[in-house]
Amino acid sequence: MTDDERYMSQALALARHAAGLGEVPVGAVAVHGGRVVGTGYNRRELDADPLAHAELLALNAAAKSVGAWRLSGVTLYVTLEPCAMCAGAMVQGRVTRLVYGTVDPKAGAVGSLYNLVQDPRFNHRVDVTSGVLADECAQLLKAFFATLRGRK
């Protein structure tokens, strides 16, 4: 198992936890120097907070852990392609690398609808690796939404 797969597996575990709480199953793990410095899972419903995305929670924890808002050297692992808000936070926080699992054709801002993290008009660009454990990430989301639709 590669490091990318190992950390994505941790993000998947967080996403499964979110699903168990009734949240959209997205998990995120921030790594710096081979050490996990922040984690997060979606908490929008629990916290009644539109900003409580897995990525933002992991980035916030990482900034506290490293003691700086500049997250140079941080790799963020996320089970789902980030939205515009989260992609923008990665650019603003100077995240070095993003690794994500599955694409989000409806809201993805790292290639699907936009590519904010590599837009040359910004003063920082994020290296991107996509498709790590993509099938597992996609299946978790599909199962969650199928269950949700079944209750309605």
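For the single chain, residues carry numbers from 1 onward in sequence order. For the numbers below, each heavy atom of this structure counts, side chains included, while hydrogens, waters and symmetry mates do not. Since the model is a prediction, treat every value here as computed from it, not as a measurement.
- Annotation for M1: hydrophobic cluster partners, listed by chain and number, are none (ILVMFWY side-chain heavy atoms under 4.5 Å, direct or chained).
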**Request:** Applying side chain to side chain contact (heavy atoms under 4.5 Å, CB included), run through Y77 and V31 and close with a yes or a no.
**Result:** CA-CA 8 Å; Y77 294 85; V31 176; 3.8 Å; yes
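- Inter-residue side-chain proximity for H53 and C83 is flagged as met; some heavy-atom pair is nearer than 4.5 Å.
- Among all heavy-atom pairs drawn from G22 and F144, the shortest one is O-CZ, 3.8 Å.
- A 4.5 Å side-chain heavy-atom check between L140 and T79 finds every atom pair outside the cut-off.
- Taking each heavy atom of E81 and S112 in turn, the nearest pair found is OE1-OG, 2.6 Å.
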**Asked** Taking it one step at a time, do Q10 and T39 satisfy side chain to side chain contact (heavy atoms under 4.5 Å, CB included)?
**Response** CA-CA 9 Å; Q10 291 179 28; T39 62; 5.8 Å; no
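- Between D135 and Q139, the closest side-chain pair of non-hydrogen atoms is not below 4.5 Å.
- The cluster map of Ile, Leu, Val, Met, Phe, Trp and Tyr, joined by side-chain heavy atoms under 4.5 Å apart, puts V78 and V117 in the same cluster.
- Ion pairing between a basic and an acidic side chain is recognised when a charged N comes within 4.0 Å of a carboxylate O; D4 and R97 show such pairing.
- Looking at every heavy atom in both residues, L14 comes nearest to G40 through CD1-O, 3.8 Å.
- For the pair Q118 (side chain) and N115 (backbone), a donor-acceptor distance under 3.5 Å is absent.
- When the side chains of ILVMFWY residues are joined at heavy-atom separations under 4.5 Å, either directly or via intervening members, L141 and V29 end up in two distinct hydrophobic clusters.
- Between C137 and the choices L12, V132, V26, the side chain to side chain contact (heavy atoms under 4.5 Å, CB included) rule is met once, by L12.
- Put simply, the side chain of S9 gets close to the backbone of E5: a donor and an acceptor are under 3.5 Å apart.
- Cluster membership check: V95 shares its hydrophobic cluster with Y100, using side-chain heavy-atom separations under 4.5 Å among Ile, Leu, Val, Met, Phe, Trp and Tyr.
- Contacts of D104 classified as salt bridge (charged side-chain N to carboxylate O under 4.0 Å, His left out), with partners at least two apart in sequence or in another chain: none.
- Remark: L116 CG to Q92 CD distance equals 10.5 Å, nearest 0.5 Å.
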**Message:** Before you tell me yes or no, could you show the steps for L76 and L59 under side chain to side chain contact (heavy atoms under 4.5 Å, CB included), namely the whole-Å CA-CA distance, both residues' side-chain angles and the distance that decides it to 0.1 Å?
**Reply:** CA-CA 8 Å; L76 186 66; L59 291 175; 4.1 Å; yes
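- Side-chain atoms of N42 come within 3.5 Å of backbone N or O of V24 as a donor-acceptor pair.
- Residue G101 comes nearest to M8 through the heavy atom pair N-CE, 3.5 Å, listed as atom of the first residue, atom of the second, then distance.
- At a threshold of 4.5 Å between side-chain heavy atoms, the hydrophobic network of Ile, Leu, Val, Met, Phe, Trp and Tyr places M85 and F122 in two separate groups.
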